[in-house]
K.L.:
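Below is one structure. I have some questions about it.
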Amino acid sequence: MKGRIELGDVTPHNIKQLKRLNQVIFPVSYNDKFYKDVLEVGELAKLGTKMLNHVLNICEKDGTFDNIYLHVQISNESAIDFYRKFGFEIIETKKNYYKRIEPADAHVLQKNLKVPSGQNADVQKTDN
């Protein structure tokens, strides 16, 4: 039987636990301002949406990026759903990507930023 974990809101009372989890799980470090921003926003999902929109806007305005790639642990269904809402698709699974967490495999997600030739962004051509 698999255990069930439920995560609640990030509060001043549990922000240190979030920081510790991030240090153990993720291959990058976040500074104290990141955690302050998490508290100010009130919900991690809102901050994630804001951060992802910011990155997408920069890439789209720059115009030289064809794709954006990211890795998500295969069991993190909420993150996969989150990124799919932004147009990311799973294109590959990397075995043993993570070293200190289980499952260790990660999906590679991709968002294509270029519209195929002959199509505009608003209208997709379909065959009938």
Side-chain angles (χ1 to χ4, degrees):
M1 183 173 146
K2 289 186 177 184
R4 182 182 172 120
I5 298 173
E6 292 187 25
L7 301 175
D9 293 336
V10 177
T11 69
H13 301 288
N14 64 16
I15 193 73
K16 288 182 181 178
Q17 291 172 339
L18 174 64
K19 187 173 185 176
R20 181 65 184 135
L21 284 171
N22 284 352
Q23 290 170 339
V24 171
I25 295 170
F26 297 118
V28 296
S29 296
Y30 297 99
N31 61 29
D32 290 338
K33 184 179 182 324
F34 170 83
Y35 296 101
K36 182 180 177 189
D37 290 346
V38 168
L39 288 174
E40 288 177 4
V41 171
E43 294 180 31
L44 191 55
K46 287 182 184 177
L47 180 59
T49 298
K50 185 177 179 179
M51 290 170 55
L52 185 56
N53 277 327
H54 181 72
V55 170
L56 293 174
N57 287 335
I58 289 171
C59 292
E60 289 170 5
K61 285 179 186 174
D62 182 276
T64 61
F65 294 93
D66 292 336
N67 299 288
I68 297 176
Y69 299 91
L70 55 88
H71 296 87
V72 176
Q73 188 179 24
I74 61 169
S75 62
N76 193 344
E77 294 177 20
S78 61
I80 294 166
D81 290 343
F82 172 80
Y83 289 116
R84 281 187 168 148
K85 290 177 186 174
F86 286 88
F88 285 85
E89 298 176 357
I90 296 172
I91 61 165
E92 179 184 358
T93 300
K94 294 196 179 239
K95 298 289 183 191
N96 299 313
Y97 179 79
Y98 298 106
K99 303 299 180 213
R100 296 178 285 193
I101 58 173
E102 288 295 329
D105 300 343
H107 289 308
V108 178
L109 281 73
Q110 172 189 348
K111 178 176 175 65
N112 185 339
L113 299 175
K114 297 291 182 187
V115 177
S117 298
Q119 296 182 4
N120 70 36
D122 296 322
V123 179
Q124 295 283 325
K125 189 176 185 180
T126 59
D127 295 333
N128 289 341

K.L.:
Taking only distance into account, with no hydrogens and no angle test, what donor-acceptor pairs under 3.5 Å do side-chain atoms of residues 57-68 form with protein atoms, sequence neighbours excluded?
P.N.:
| from | atom 1 | to | atom 2 | distance (Å) |
| --- | --- | --- | --- | --- |
| Asn57 | ND2 | Asn53 | O | 3.1 |
| Asp62 | OD1 | Thr64 | N | 3.0 |
| Asp62 | OD1 | Thr64 | OG1 | 2.2 |
| Asn67 | OD1 | Gln110 | NE2 | 2.6 |

K.L.:
Nearest 0.5 Å please: distance from the CG atom of Asn112 over to the NZ atom of Lys114.
P.N.:
9.0 Å
K.L.:
Under 3.5 Å, side-chain donor or acceptor atoms of residues 70-87 against the rest of the protein: list the pairs with distances, not counting sequence neighbours.
P.N.:
| from | atom 1 | to | atom 2 | distance (Å) |
| --- | --- | --- | --- | --- |
| His71 | ND1 | Tyr97 | OH | 3.3 |
| Gln73 | NE2 | Glu102 | O | 3.3 |
| Gln73 | NE2 | Pro103 | O | 2.7 |
| Asn76 | OD1 | Ser78 | OG | 3.2 |
| Asn76 | OD1 | Ala79 | N | 3.1 |

K.L.:
Among the clusters formed by ILVMFWY side chains lying less than 4.5 Å apart, do Ile90 and Phe88 turn up in the same one?
P.N.:
yes
K.L.:
Could you state the interatomic distance from NZ (Lys19) to CG (Asn31), rounded to the nearest 0.5 Å?
P.N.:
8.5 Å
K.L.:
If two hydrophobic side chains count as joined below 4.5 Å and joins carry through other members, does Val108 share a cluster with Val55?
P.N.:
no
K.L.:
Do Glu92 and Tyr69 pass the side chain to side chain contact (heavy atoms under 4.5 Å, CB included) test, and can you show the C-alpha distance, the side-chain angles, and the key distance before you say yes or no?
P.N.:
CA-CA 11 Å; Glu92 179 184 358; Tyr69 299 91; over 6 Å; no
K.L.:
Out of curiosity, Glu89 CD to Ile91 CD1, how far, rounded to the nearest 0.5 Å?
P.N.:
9.0 Å
K.L.:
Please name the pair of heavy atoms, one in Tyr30 and one in Tyr35, separated by the smallest distance, quoted to 0.1 Å.
P.N.:
O-CE1, 3.6 Å
K.L.:
Please report the interatomic distance CZ(Arg20) to CG(Asn22), rounded to the nearest 0.5 Å.
P.N.:
10.5 Å
